[in-house]
Amino acid sequence: MSKTTNEKKSVIHAAFDSMGVFIKAKWNILLLFVLGFLAVTAVVYFDASTTETVASYTLEEYEIGQIADKTIFATKSMSADEQYPVAIEEGEKIIRKGFPIGEEDYLKLKKMAESPAYIDYRVFADRVLFLMLIAALWWLLFSPVLLGRSVQFKELMLEALLFLIVYAAASLGSKAPVFQGMYRLPVLIPGALSAFLVAILFGQISALYFSLLLSFGVLAAAGFQLVPAIFTLASALTAARIVRLSERRIDLVFASLVLALLNIVYITVLKVIFNDNFADIVFVFAGLAFNGFISGILVLGLLTPLETLLNTASVFRLMDLSDLNTPVMRRMLLTASGTYNHSMLVGTLAESACKAIGANALLARVGAYYHDLGKMDQPEYFVENQTDGENKHDDINPSLSASVIKSHVKRGVEKAHQLRLPQQIIDIIAEHHGNSVLQFFYAKAKEKDSSVSPEDFAYPGNPPTSVESAVVMIADTVESACRTLDKPSVSRLDKFIQSLIQGKIDTHQLDNCQLTFGELTKIREAFVQILAGYYHSRIKYPNQKDPDSADQTASGAEHTDPSELEIELSDKMIDEAKNNG
C-alpha cells in the first residue's frame with residue numbers, strides 16, 4: 001500500500017515538474033494567449049452590453065399581442081425615465097409563457113434590451129465558451145506536428161492582433177445601420193487583408209490555419225450567422241492562395257483585382273444558396289469589390305514596416321536579399337571570390353532540389369548565398385580561395401586548422417545578426433555543417449596522436465531542422481566534393497552523390513529535417529542534372545595547343561570558330577549512364 005502511494009506521488013511530482021518545464025519554456029506564448037483572450041473577451045462584453053437581446057433572444061422576436069413562448073424574469077431593478085416611463089423590479093416576471101405580451105410588457109422588454117446596465121450574460125457566456133474552443137483549436141493547429149515547424153512568438157503576436165481586429169469589426173460593425181444584415185456585414189470584415197499578411201510573412205500553411213480560425217471568430221461575432229463566416233473563409237483562403245504566385249510587390253495589385261472579382265462571385269453564390277433577394281446588390285457588390293481591392297493595396301503599405309519590425313523571410317524580403325549587388329555580396333566577391341562562386345553554385349543546386357520536392361526554393365537559394373558568410377574574415381584558409389597553390393594549413397597543426405575552419409560558422413551567424421537577416425537564413429548558416437566531423441584534419445591529428453577525440457574536430461552546430469537547411473547542407477557537400485571527382489560523367493556523379501547523401505544519413509545529420517527517402521532521390525536527381533551540365537565534357541578543338549607550351553605564339557596559332565567545332569557530349573554521358581544501369 002505504501003509502495004503504491006509513493007508511486008502515485010512520484011507520478012504527480014513528475015507531472016508537476018513537466019508542467020513547470022513547459023511553462024518555463026512557453027511562458028511568453030501562454031501570456032500572449034491569456035492577454036489575447038482577455039482582449040477579445042472585452043469586445044464580447046461590450047457587444048453583449050450594447051446588444052438588444054433578452055435571455056438570448058433578440059427584441060425583434062417579440063411583438064405586442066404575441067403569445068410568449070417562455071417566461072422572462074428581470075435580473076435587476078430599473079427605475080422609470082423619460083424615454084421609458086415604466087419601472088422594473090428585480091425578479092419581476094416581464095412576460096409569462098402562454099400569455100399574450102401587453103404593451104407595457106413589451107416596453108419593459110425594450111427598456112431591458114436597450115439599457116447598458118442590462119447585460120445578457122447568457123449571450124456573453126456562450127461566446128466566451130466558443131472563444132475557448134477557438135483558442136484550443138488554435139493551440140492544436142499551430143503545434144509543431146501540424147504546422148511542420150515550431151511557431152514563432154512574433155507570428156502568434158501578429159495573428160492575435162489581426163484576430164482581435166477582425167472579431168471587433170464583425171462584432172461591432174453590425175451596430176451601424178448601413179452594415180446590418182448578414183450580406184452587408186462582410187463588407188467591413190478585413191479577413192482577406194489578414195490572410196494576405198500572414199501568407200506573405202509566415203507562409204501558406206499558417207495562412208490556411210489562420211483563415212479557418214478567422215471564420216470561426218466571425219461566426220461567433222456575427223451571432224452565429226453562417227453567411228459572414230463562410231464568406232470570410234472563402235475570401236481569406238483565396239487571398240492566401242493568390243499571393244503565393246506573387247514574386248514582386250506590384251503583383252499584389254493584380255492579386256487584389258482578382259480577389260475583388262472573386263468576392264463578388266462568392267457573395268452571389270451565397271445569395272443563391274440561401275435564397276436571398278438581390279435588392280441590396282449595388283451596395284454589397286461595390287463594398288466587397290472594394291474590400292478585396294483595398295486589402296491588396298493596404299498590404300503594400302503595411303508590408304515594409306512589418307517586414308522590418310518582425311524580420312521575417314517573406315518572398316519580397318528574400319528577393320531583396322537575393323540581389324547580388326548588395327554591399328555584403330560585393331565584398332564577398334572581392335575578398336573571397338572562390339567562396340562567392342561556390343555559394344552561387346550551391347544556391348543553384350539548392351534551388352533546383354527544393355523545386356523538385358516542393359520546398360521553399362527561394363529561401364534555400366538565398367540561404368545558400370549567405371551560408372559561408374563567415375569565411376570573408378579569413379578567406380585564405382579555405383581551399384576554394386587558394387589560387388597560388390599555397391596552403392595555409394601546411395604550416396599549422398590539425399587542431400588549429402580545425403578551429404579556424406569551424407569558426408566560420410560562428411562568424412557567419414554573428415554577421416547575419418549584424419545584417420538583421422531573417423531567422424530562417426541564420427538557421428541555415430548555423431546548421432549547414434550540423435555537428436559533423438572534419439574528417440581530413442581528424443585523420444591527420446590521429447596519425448600524430450591516436451587518443452584524439454572526434455568531438456574535438458566536430459562542428460559546434462546542430463543538424464538541420466528544416467528541409468531547406470538540409471538541402472543547403474547536402475548541396476554544400478556535393479558541390480565541394482564533386483570538384484575533386486575525376487571524369488565526372490552522369491553515372492559517376494550519380495553514384496558519388498548517392499554516397500555523399502548516404503554519409504549524411506549514417507552520421508545522423510538528416511534526422512531532424514523530415515526529409516523522406518523519396519525526396520532524397522529527387523534531390524539527388526536534381527543535383528546530377530545541374531552538375532552534369534556544369535561538368536559536361538567537350539572535345540578538344542583542332543589545332544588546340546597548350547597555352548603554356550613554348551612553341552605556341554600569337555601569330556602561329558590557328559583560330560577556329562568555336563561555334564562550329566564545339567560538340568557537347570551530354571547525350572553520350574546519358575547513354576553511358578543507361579548502359580551502366
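Hydrogens, waters and symmetry mates play no part in the numbers below; they use all other heavy atoms, side chains included.
Within the structure, the side-chain hydrogen bond (donor to acceptor under 3.5 Å, both in side chains) test picks out no pair touching residues 181-200 (sequence neighbours left out). Within the structure, the salt bridge (Lys or Arg N to Asp or Glu O under 4.0 Å) test picks out no pair touching residues 128-141 (sequence neighbours left out). Sorted by first and then second residue, the salt bridge (Lys or Arg N to Asp or Glu O under 4.0 Å) pairs involving residues 255-278 (not counting sequence neighbours) are K271-D276, K271-D280. Screening residues 250-267 for salt bridge (Lys or Arg N to Asp or Glu O under 4.0 Å), with sequence neighbours left out, gives R248-D251. Applying the salt bridge (Lys or Arg N to Asp or Glu O under 4.0 Å) test to every pair with at least one member in residues 220-239, sequence neighbours left out, gives no pairs at all.
Taking CD from Q424 and OG1 from T312, the interatomic distance works out to 7.5 Å, rounded to the nearest 0.5 Å. The distance from atom CG of L520 to atom CD1 of I357, rounded to the nearest 0.5 Å, is 8.0 Å. Going from atom CG of N462 over to atom CG of D511 covers 12.5 Å, rounded to the nearest 0.5 Å. Here the CZ atom belonging to F142 is positioned 10.0 Å from the CZ atom belonging to F202, to the nearest 0.5 angstrom. With values rounded to the nearest 0.5 angstrom, I189 atom CD1 is found 11.5 Å from Y167 atom OH. Atom CG of L161 and atom CG of L32 lie 10.0 Å apart (nearest 0.5 Å).
Surrounding CZ of F254 are at most 12 heavy atoms belonging to other residues, nucleotides or ligands under 6.0 Å away. In the displayed structure, F290 atom CZ is contacted under 6.0 Å by at most 12 heavy atoms of other residues, nucleotides or ligands.
The backbone N or O of R365 lies less than 3.5 Å from no partner atom in the side chain of E351, so there is not a single donor-acceptor pair. Here the side chain of T521 pairs a donor or acceptor atom with the backbone of F517 at under 3.5 angstrom. Although no hydrogens or angles enter the test, the distance criterion places a donor-acceptor pair under 3.5 Å between the side chain of H432 and the main chain of I429. Formation of a donor-acceptor pair under 3.5 Å by the S322 side chain with backbone atoms of M319 is found in this model. Looking only at distances, no side-chain donor or acceptor of E468 sits under 3.5 Å from a matching main-chain atom of I428. In this structure, the side chain of K154 engages the main chain of N311 through a donor-acceptor pair within 3.5 Å.
Shown here are the ring pair (Phe, Tyr, Trp, His ring centres under 6.0 Å) partners of F285, two or more places apart in sequence or in another chain: there are none. Residues that satisfy the salt bridge (charged side-chain N to carboxylate O under 4.0 Å, His left out) test with R317, not counting sequence neighbours, are absent from this structure. Applying the side chain to side chain donor-acceptor pair (under 3.5 Å) rule to Q423 yields the partners D427; only residues at least two apart in sequence or on another chain are considered. Partners of F224 under the ring pair (Phe, Tyr, Trp, His ring centres under 6.0 Å) rule, at least two apart in sequence or in another chain, are F130. E519 meets the salt bridge (charged side-chain N to carboxylate O under 4.0 Å, His left out) test with no other residue; sequence neighbours excluded. Annotation: side chain to side chain donor-acceptor pair (under 3.5 Å) contacts of N512 (sequence neighbours excluded): none.
Taking every heavy atom of both residues into account, G223 and R127 meet most closely at CA-NH2, 3.5 Å. Nearest heavy-atom pair, L219 versus A229, reported as atom, atom and distance to 0.1 Å: CB-CB, 3.8 Å. When every heavy atom of A361 is checked against every heavy atom of C354, the shortest pair comes out as CA-CB, 3.6 Å.
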Only distances under 3.5 Å count here; give the side-chain donor-acceptor pairs of residues 255-265 to other protein atoms, sequence neighbours excluded, each with its distance to 0.1 Å.
residue	atom	partner	partner atom	Å
S256	OG	L252	O	3.3
S256	OG	V253	O	2.6
N263	OD1	S235	OG	3.1
N263	ND2	L288	O	3.1

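Counting only heavy atoms from C-beta outward, the side chains of L321 and Y369 never approach each other to under 4.5 Å. Looking at heavy atoms from C-beta onward, V187 lies out of side-chain contact with F231 at the 4.5 angstrom threshold.
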Does the pair M473 and C513 meet the rule for a side-chain contact (heavy atoms from CB on, under 4.5 Å), with working shown?
-> CA-CA 11 Å; M473 167 188 271; C513 63; over 6 Å; no

Passes side-chain contact (heavy atoms from CB on, under 4.5 Å), L419 versus L373? Steps please.
-> CA-CA 11 Å; L419 294 169; L373 203 60; 3.9 Å; yes

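With L306 as the partner, the side-chain contact (heavy atoms from CB on, under 4.5 Å) test is satisfied by one option alone out of V299, I200, L201: L201. Just one residue in the list W138, F216, F37, Y209 forms a ring-ring contact (aromatic ring centres under 6.0 Å, His included) with F163, and that residue is W138.
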